[in-house]
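Shown next, in structure tokens, is the structure this report addresses.
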Amino acid sequence: MHCTILGDFELTVISDGTYFLDGGGFFGVVPKTLWSKRVTADDQNRVAVGLNSLLVRTGKQNVLIETGMGSKLSEKMVRIYSQPAKLLENLHSAGMAPEGIDIVINTHLHFDHCGWNTVRKNGKIAPTFPRAKYYAPEGEWQYARHPSERDAISFISENYDPLVESGQMTLLKGDEEIVPGISVKTFPGHTAHMQAVIVRSGGRTACYISDLIPTSAHIDLTWGMAFDLYPLQTIESKKRYYAEAIPDRWLTVFTHDPTARWGYVETGENGKLSLARIT
Ligand SMILES: [Zn+2]
């Protein structure tokens, strides 16, 4: 279990499991001769990709940031993405029942980030976390209703539309505090409205940076994913993030890293970025 203390808060990384993506897609324009020094591909050129959610126990609320891939994929999608569906058992191992979650925050609405928002029960869609208030960026939800042909496959409306309709999901305008110490900030690039979640307590900061920096192998400014809709904005958003996160020593949480779930991005003497891991 990956657990740490941040001021008065307890942070636990909860995995929904690992899946496999094409290494070329995962590293965009970066040549394989370079990325294969950091990550090993299998015989189909696929690399292992984690699905890390973050549970924050503030003492007053239990906040779950992101809900993985979930359990509702179609047969075809299961063949492609395997659907590990481990989140609930890993939450249980961390001593948390779905009923114990007070708040769920989605950084964006791609299916591998909000899949456990809902479950299918007796043929009907129900909230996985019945007591929780859910939050997601409004711009994401608007876009998800009419996505481009390029990323339409990434949206499954059952993950959010029933929650918006019932009033259980609140749509966020961006850069706002959700509970004391937990706020969201828009970092465009991967999508136009993706929001990182910033957690502050006792003078320390952690950031769930989501698909802006999906793994520790993507910390360089130009190592973006091919899936990014606005790759030049990814670079500008990374610069804006590092301008605060490096000098203020923010703990960066990596959504899709199967091994290095979090760490501190540092600048070396030659200006090269590196990661100081924590266990
Ligand atoms: Zn995404």
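Note that ligands are numbered from 1 as they come in the structure, with each ligand's atoms numbered from 1 the same way. Because the structure is a prediction, the values reported are computed rather than measured.
A ring-centre distance under 6.0 Å is found for Phe26 and His218. A distance of 6.0 Å or more separates the ring centres of Tyr81 and Phe20.
With a cut-off of 2.8 Å, the Zn ion (ligand 1) has an N, O or S atom of His110 in range. When distances to the Zn ion (ligand 1) are checked against a cut-off of 2.8 Å, Asp211 contributes an N, O or S atom below that limit.
Of the charged side-chain nitrogens involved, none lies within less than 4.0 Å of a carboxylate oxygen, so that Asp220 and Lys238 do not count as a salt-bridged pair.
Here His108 contributes NE2 and His190 contributes NE2, and at the Zn ion (ligand 1) these two atoms make an angle of 100°, given to 10°.
Taking the six-membered ring where the residue is Trp, His113 and His190 present tilted rings, their angle falling between 30° and 60°.
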